[in-house]
Amino acid sequence: MELLVTNYGSFLGKKSERLILKENGKVVNEIPFHDLEQVIIDTPGASLSTDMIRECVEHGVQISFLTSTGKPFAKLVSPYLTGTVITRREQLLAFFDERGVSLSKLFITGKLKNQINVLKYFSKYRKGVDRELFETVYRAIDQIEQMADQLNGIKGRCIDDVRGQLMSVEGRAGNLYWQGVKLLTGEKVNFPGREHRDSTDPVNSLLNYGYGMLSRQVEGALILAGLDPFGGFLHVDRPGKLSLVYDFVEEFRQQVVDRVVVAMVNKGIAVDMEEGMLSTATKQYLSEKINERLESQEKFQGKKYKLRTIIQSQARRVATFLRGEAKYRPFVGGW
Amino acid sequence: MKTLVIYDIEEDKTRTKIFDACKDYGLTHIQYSAFFGELNHNRRDELKQRLRKTLGRKNGKILICPVCDKDLRLLEIINIEPGGIPDV
């Protein structure tokens, strides 16, 4: 469970083994620490008690503080989470050898396969209704499939040798995928194609907000797995850039965010904008839907797990892979 | 599995502790001295041990009863008291 604190003057405390949320001195929510996964404080003027902080840290629950624009400005975690020296040392060394190459390739493979499955998911009911559209989307799917095969041929000794090639495949597949998404959302909404930053159209704003939520989730998972969220492979180093988060998030974007956003658009849910930004109501609706999606189950290694759990266990697998203990296989959601 | 926890405990202080333990396990207070909610096998066992320890040698009786979904569909509630404890 994720606790979002949005009201001015909220107080977070601890009672027995539960987190207590008080507003104006009255208890409004009680959550057992056992069921809690993340605390997000999205308001000025909230206060926390130290024993609540301690309990959160001991349960691996991160407390994130956001500015009014949704940017995280602080985070409370145990100082010993960075105590996973072997993992972090291997992670940084992997940048210079083949581990970085194979991990990046696997992330991109996962991304492409999920793009394919999301397109399949949204076109499966169109087969009988709109044959032409169905076939156009499937042509895109075939092309993305070919690109996924091309990835196998890319070889190099370190990530710097192959970054360009990988990015090129990723970019071309992305173009096809977003064209497919555009077709599938049809006339329901004006989707100009994917824009990354500061977009003012509804679909891109929804996607950007959703990716922000997902990135926080993924970042938490990586930190708990003992990895350094800044030490990426495919995304180059830059101070303050969470490169590993951006690398690792690729295999989850489509299944978690895109699916929710496309479904929202197709259902014809009104997306209100205020001065080029999503309205509070829309944000709340979207975050509710994304949390529902994270709680929903997907097949993973022969069993069904919540997507949230899959993200965490994939983060641990990245760590074991980097330590050279096991293979890594990207998560591919169903359709 | 959904679990029903009901108890009769003489001493107020112990009863409060049992009450708190149930809430710590995420159960909902459905009646005086009755809690209900989702617990898996392990959590149910943990709760049992905690309740046993809390009760110690004092007088009281606690029932922890798992309920399957099929039976739960037959649940009937008769509630007349206005402003009483909310339903499940």
Side-chain angles (χ1 to χ4, degrees), chain A residues 1-5 10-23 25-40 48-63 288 291-292 294-298 300 303-310 312-313, chain B residues 1-7 9 11-56 58 60 62 64-69 72 83-88:
Chain A
M1 203 186 289
E2 193 180 87
L3 177 69
L4 187 65
V5 182
S10 302
F11 171 76
L12 292 166
K14 179 194 157 207
K15 188 181 178 191
S16 190
E17 285 168 28
R18 280 162 284 147
L19 182 149
I20 305 285
L21 173 64
K22 279 186 183 169
E23 280 167 19
K26 271 199 223 95
V27 177
V28 290
N29 202 351
E30 289 184 65
I31 303 170
F33 285 106
H34 179 86
D35 299 339
L36 197 63
E37 266 138 5
Q38 207 182 4
V39 177
I40 298 167
L48 330 171
S49 78
T50 41
D51 44 355
M52 172 263 174
I53 295 174
R54 179 172 176 181
E55 200 74 25
C56 278
V57 162
E58 281 174 356
H59 278 83
V61 174
Q62 293 183 27
I63 309 175
E288 212 173 277
N291 277 324
E292 261 173 42
L294 287 169
E295 290 296 311
S296 67
Q297 298 196 323
E298 278 283 335
F300 178 63
K303 271 174 90 177
K304 283 198 157 180
Y305 295 96
K306 284 182 187 169
L307 261 172
R308 212 187 271 282
T309 319
I310 297 176
Q312 185 60 64
S313 93
Chain B
M1 204 169 183
K2 291 277 189 289
T3 305
L4 178 71
V5 179
I6 44 180
Y7 50 83
I9 298 191
E11 208 181 81
D12 290 354
K13 201 174 140 196
T14 318
R15 198 182 324 110
T16 316
K17 278 187 183 159
I18 300 280
F19 180 94
D20 256 338
C22 289
K23 289 197 109 182
D24 285 348
Y25 278 74
L27 302 177
T28 324
H29 189 214
I30 50 162
Q31 308 243 287
Y32 297 115
S33 309
F35 276 88
F36 187 77
E38 182 72 32
L39 285 182
N40 65 26
H41 185 274
N42 285 337
R43 294 280 286 169
R44 193 158 52 236
D45 210 48
E46 270 174 49
L47 179 63
K48 183 185 93 183
Q49 287 178 28
R50 177 158 161 196
L51 295 183
R52 171 173 286 158
K53 214 171 153 191
T54 315
L55 187 62
K58 291 174 276 286
I62 304 169
I64 302 173
C65 176
V67 187
C68 74
D69 291 338
L72 198 63
I85 296 168
D87 298 338
V88 181

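Quick note on labels: first sequence line is chain A, next is B, and so on, each numbered from 1. This structure is a prediction, so every number in the text was calculated from the model and none was measured.
Of all the heavy atoms in A/K15 and B/D24, the pair that sits closest is O-OD1, 4.1 Å.
By the 6.0 Å contact criterion, NZ on B/K17 is open, its count of non-hydrogen atoms from other residues, nucleotides or ligands being 12 or less. Summarising the local packing, NZ of B/K58 is surrounded by more than 12 heavy atoms from other residues, nucleotides or ligands at distances under 6.0 Å.
In this structure, NZ on B/K23 lies 5.0 Å from CZ on A/R18, to the nearest 0.5 angstrom. Residue A/E17 holds its CD atom at 4.5 Å from CZ of B/R50, rounded to the nearest 0.5 Å.
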